[in-house]
Protein chains: 2
Amino acid sequence: MLPSSTVENYLKAIYTGVAGLVPPQRLLPMGQLAAALTVAPGTATTMVKALHESGLVEYEPYAGVRLSAAGDKLAALVLRRHRLIEAFLVQVMGLRWDEVHDDAELLEHVVSDRLVQRMDEMLGHPTVDPHGDPIPDAEGVLHAPALPDLLQCPVGVPLTVTRVLDQDGGFLRFLEQQQLKPGETITVEQRDTAADCVALRTAGDRQLTIGARAASKLLVRPQEP
Amino acid sequence: MLPSSTVENYLKAIYTGVAGLVPPQRLLPMGQLAAALTVAPGTATTMVKALHESGLVEYEPYAGVRLSAAGDKLAALVLRRHRLIEAFLVQVMGLRWDEVHDDAELLEHVVSDRLVQRMDEMLGHPTVDPHGDPIPDAEGVLHAPALPDLLQCPVGVPLTVTRVLDQDGGFLRFLEQQQLKPGETITVEQRDTAADCVALRTAGDRQLTIGARAASKLLVRPQEP
DNA sequence: GTCAAACTTTTGACTCACCGAAACATCCGC
DNA sequence: GCGGATGTTTCGGTGAGTCAAAAGTTTGAC
């Protein structure tokens with residue numbers, strides 16, 4: 001099976017879906033896969049069975065699906081293309097970080113190896129895209145540091161915003177406006193479980209409070225000495 | 001009908017096919033269209049009838065097909081994307097002019113208007129691509145100067161190579177090696193109809209002879225003063 | 001004028017990716 | 001350990017794009 005766009009999208013969804021469920025070898029339920037791809041459940045079942053025939057996934061009826069080694073590599077290379085394209089669109093072409101996701105989603109299925117390699121060179125072999133998402137290497141291996149989000153990180157110490165787990169344009173623009181883009185320095189001042197929110201102080205010494213939901217989408221790295 | 005890749009390719013083939021047959025309103029025979037798209041003749045008939053239903057082409061059974069005004073505009077915009085992409089890949093990304101055609105062929109169906117516009121800006125609103133092919137403007141209008149080829153141009157005067165009517169990598173590499181790329185200056189020294197060839201002198205004062213077939217693919221502009 | 005060659009259209013069938021609805025599993029509450 | 005609620009699979013059907021081969025049309029040679 002030569003991997004069509006559709007196949008690539010299924011693999012990518014399983015790849016990132018499994019990343020969401022903590023243990024990396026857990027099975028992804030079909031319902032979640034179908035929802036991620038916005039297709040009917042039956043469609044996902046049919047496709048997954050075909051992927052299983054091709055040896056790209058392991059599939060257990062009524063249990064779920066997981067990538068095989070071959071599928072994992074393919075998915076990682078799709079993700080590599082996606083993230084290199086996002087970095088390219090932002091850093092070389094000067095587009096905004098909140099408007100490149102959809103373009104990358106289409107281009108990732110179409111760019112040749114030559115183009116990917118050239119973008120990688122022009123960008124100086126980056127390890128993360130503009131959202132801080134790690135870029136798998138050319139062999140399809142992902143080097144992803146385990147980072148705490150704003151609900152788990154230490155309080156009262158300076159942190160560097162490192163990764164954003166949401167591609168929604170509105171959310172990204174909000175972050176930019178509030179100086180919460182990757183690279184910015186912030187401090188968690190207080191966490192209020194009952195009120196379901198987190199109080200922050202940003203670079204310009206400005207203070208703001210965000211909900212737990214949003215806080216969980218911001219990953220940070222405690223700063224060195 | 002939202003124009004799929006397939007539709008865009010049919011329109012483009014009719015657009016450039018009609019350009020090949022001199023009078024711009026002549027009908028393109030189905031056989032030629034099918035051949036250009038490497039598709040069975042019956043497939044082309046079916047598709048052309050659908051395009052006719054959508055008002056993108058005029059179709060006369062057993063005679064051929066021609067673009068409607070709407071189809072012409074759509075086709076021109078596809079060609080605009082294609083040629084801007086080729087220019088971008090060469091001038092911004094540093095790829096060779098003989099290896100960008102296939103990438104552009106895929107990307108042209110996928111790049112957003114935003115990307116096209118950005119490429120156009122970055123390139124300074126170019127009017128031709130790296131092969132000298134004219135780029136339709138954003139309204140889908142093509143400004144194409146009528147240029148003579150090496151079989152029709154004046155002999156013994158300096159000429160600027162302006163356009164190459166062939167995307168074959170081997171041919172393009174040959175031109176580059178022989179200093180026959182667009183922009184180079186050459187002179188036609190002699191034309192030999194019987195021997196079916198043309199003798200040239202290139203910039204470095206080197207001499208070479210090429211066949212009439214190849215000569216007809218090089219368009220030139222006589223130099224001023 | 002006829003007829004065969006060359007071209008075009010029609011027909012029937014196939015693949016891919018998808019949907020909706022009916023049938024089927026699983027698992028949890030009690 | 002029964003009965004749903006929930007999730008999953010199966011089944012029949014659709015539209016796009018394609019092919020191969022049969023049927024039809026044009027055209028030019030003679």
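Order of the sequence lines fixes the chain letters, A, B, ..., with proteins taken first and strands second; residue numbering starts at 1 for each chain.
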Grab the CG-P distance between B:L33 and D:dG17 for me, whole Å please. 14 Å
Hey, mind stepping through B:R81 and B:E8 against salt bridge (charged side-chain N to carboxylate O under 4.0 Å, His left out) and telling me if it holds? CA-CA 11 Å; B:R81 293 201 293 271; B:E8 293 187 342; 2.9 Å; yes
Please confirm whether the shortest side-chain N or O distance from B:T43 to OP1 or OP2 of D:dC19 is below 4.0 Å. yes
Using whole Å, what does the distance between atom P of nucleotide C:dT8 and atom CG of B:L27 come to? 12 Å
Considering only C:dT26, D:dT25, C:dC18, which nucleotide approaches the side chain of A:V39 most closely? C:dC18
Value in whole Å for how far the C1' atom of D:dA16 lies from CG of B:L37: 16 Å
From the candidates D:dT9, D:dG24, D:dT18, the one with an atom nearest any side-chain atom of A:T45 is D:dT9
Pair B:Q91-B:D129, side-chain donor/acceptor within less than 3.5 Å: no
Return the value, rounded to whole Å, for the distance between atom CG of A:L11 and atom P of C:dA17. 12 Å
Rounded to whole Å, CD of B:Q32 lies from C1' of C:dC7 at a distance of 12 Å
When all nucleic acid strands are considered with a 4.0 Å heavy-atom cut-off, which category describes A:G31: base, sugar-phosphate, or nothing? sugar-phosphate
Counting just side-chain N and O atoms, does A:Y59 come under 4.0 Å of either OP1 or OP2 of D:dT8? no
Between C:dT9, C:dA17, D:dT8, spot the one nearest the side chain of A:Y62, thanks. D:dT8
Polar side chain donor-acceptor pair, A:H125 to A:E121, under 3.5 angstrom: no
Option from B:L107, B:L115, B:D120 for which side-chain contact (heavy atoms from CB on, under 4.5 Å) with B:L84 holds: B:D120
N/O (side chain, B:T46) to phosphate O (OP1/OP2, D:dG17) under 4.0 Å: no
Salt bridge (charged side-chain N to carboxylate O under 4.0 Å, His left out), that's the test. Do B:K217 and B:D149 meet it? Break it down for me. CA-CA 7 Å; B:K217 295 182 197 155; B:D149 62 28; over 6 Å; no
Looking only at side-chain atoms of A:M47, point me to the closest of D:dG17, C:dT9, C:dA17. C:dA17
Under 4.0 Å from OP1 or OP2 of D:dT18: is there any side-chain N or O of B:Y10 that close? yes
Rounded to the nearest Å, what distance is computed from the NE2 atom of residue A:H109 to the P atom of nucleotide C:dC16? 18 Å
Please check the phosphate of D:dT10 (OP1 and OP2 only) for any side-chain N or O of A:K49 closer than 4.0 Å. yes
Closest nucleotide among C:dA17, D:dG17, C:dC19 to the A:S4 side chain: C:dA17
Give the rounded distance in Å between these two atoms: CE of B:M30 and P of D:dC19. 13 Å
